[in-house]
Amino acid sequence: MGAYFVNEVTVIDVQPSARGAGLVDLTVTLWCENALAGAKQVWDLISTGQLSRTGMWHELSPEDRRAWLSVALWSQEYHRQGRPDSPAGQVFTLDGRHIVDRDTFYCAIGEAINGPGGYFGWNLDALEDCLRGGWGATTPFTLYWGSSAEARARLVERVPAGGDRQIALFDLLLEIFEERGVSVSLR
């Protein structure tokens, strides 16, 4: 379903296992930069087949939405199961009603491109990587951005846009889409 890179593994206890002769149960501590607090509940949804509808991230706290995105990234190969990117010319619909900040934008765009629990970036660099292909969509494509006025009103954070220029996050997203061949229809 997914994988994390871990290191700094330290065995703190070894016990004979109840699962069979010659087996042991290990208790370990480890360091994993990408395993965020709150990720377990998302992995549980995937492993039990309950991550099956859009919008399940809407009611999460900001910290849990970040964990949602991390699981979306690390499980994206499982979700896509070897399916090729959607062909160029595809139309995707982005629901802007629940976009209130950066992370909710990435939750919504991941869902629009790749379905429930889908991934299509979790920061600006990752979004640009996804727009190069291999993450569910082939440019050029069209993005119908529903409730875009609501999203524009919320994505007002000023972000660097090259040189000394800073613009609202919403406007930078539109620039990135345009540069990568995505036609955005604000609705």
Side-chain angles (χ1 to χ4, degrees), residues 1-10 12 27-81 83 86 92-131 134-137 143-160 168-174 176-177 184:
M1 289 184 343
Y4 291 115
F5 174 78
V6 298
N7 63 6
E8 297 181 24
V9 178
T10 304
I12 57 174
T27 303
V28 300
T29 61
L30 55 90
W31 178 83
C32 179
E33 174 180 29
N34 301 105
L36 301 180
K40 182 184 182 316
Q41 72 184 50
V42 187
W43 284 114
D44 288 346
L45 289 171
I46 295 169
S47 69
T48 59
Q50 294 177 45
L51 183 54
S52 57
R53 60 182 168 76
T54 60
M56 296 179 75
W57 53 269
H58 293 174
E59 302 303 318
L60 296 177
S61 70
E63 297 79 22
D64 288 342
R65 287 192 300 259
R66 193 74 183 151
W68 179 279
L69 289 168
S70 77
V71 172
L73 169 61
W74 295 106
S75 67
Q76 63 87 22
E77 287 182 32
Y78 171 78
H79 281 295
R80 296 199 50 229
Q81 297 181 3
R83 288 188 314 263
S86 295
F92 299 99
T93 302
L94 176 62
D95 182 353
R97 291 177 297 166
H98 299 280
I99 295 175
V100 298
D101 58 19
R102 268 181 205 241
D103 286 346
T104 55
F105 166 77
Y106 294 116
C107 289
I109 191 76
E111 199 167 79
I113 304 291
N114 289 307
Y119 175 81
F120 205 72
W122 71 333
N123 59 47
L124 293 170
D125 290 335
L127 175 65
E128 290 206 46
D129 288 344
C130 290
L131 289 167
W135 297 91
L143 184 66
Y144 290 154
W145 191 331
S147 301
S148 59
E150 294 172 39
R152 180 187 293 272
R154 294 177 183 136
L155 297 178
V156 295
E157 170 191 358
R158 305 297 286 179
V159 293
L169 176 59
F170 184 90
D171 295 326
L172 181 57
L173 292 168
L174 293 179
I176 290 169
F177 285 134
V184 179

key: Contacts of type ring pair (Phe, Tyr, Trp, His ring centres under 6.0 Å), residue F105, not counting sequence neighbours   = W145
request  = Report the residues that fulfil ring pair (Phe, Tyr, Trp, His ring centres under 6.0 Å) with F177, sequence neighbours left out, ordered by chain and then residue number.
outcome  = none
query = Which pairs count as salt bridge (Lys or Arg N to Asp or Glu O under 4.0 Å) when at least one residue sits in residues 48-65, sequence neighbours excluded?
reply = R65-D101
Residue pairs, two or more places apart or on separate chains, that pass salt bridge (Lys or Arg N to Asp or Glu O under 4.0 Å) and touch residues 37-51 = K40-D44
note = By salt bridge (charged side-chain N to carboxylate O under 4.0 Å, His left out), R97 pairs with (sequence neighbours left out) D95
task = Please name all residues satisfying salt bridge (charged side-chain N to carboxylate O under 4.0 Å, His left out) with D103, sequence neighbours left out, ordered by chain then number.
result = R66
Suppose we screen for side-chain contact (heavy atoms from CB on, under 4.5 Å). Which residues come up paired with [X], at least two apart in sequence or across chains?
X    : answer
A126 : Y119, W122, N123
V9   : V6, V28, L30
A137 : F92, I113, F120, F141
T54  : E111, P116

query = Which pair of non-hydrogen atoms, one from S147 and one from G96, has the smallest distance, and what is that distance?
reply = CB-C, 3.8 Å
ask   = Partners of E128 by side-chain hydrogen bond (donor to acceptor under 3.5 Å, both in side chains), sequence neighbours excluded?
value = R180
inquiry  = According to side-chain hydrogen bond (donor to acceptor under 3.5 Å, both in side chains), who are the partners of R80, at least two apart in sequence or on a separate chain?
reply    = D85
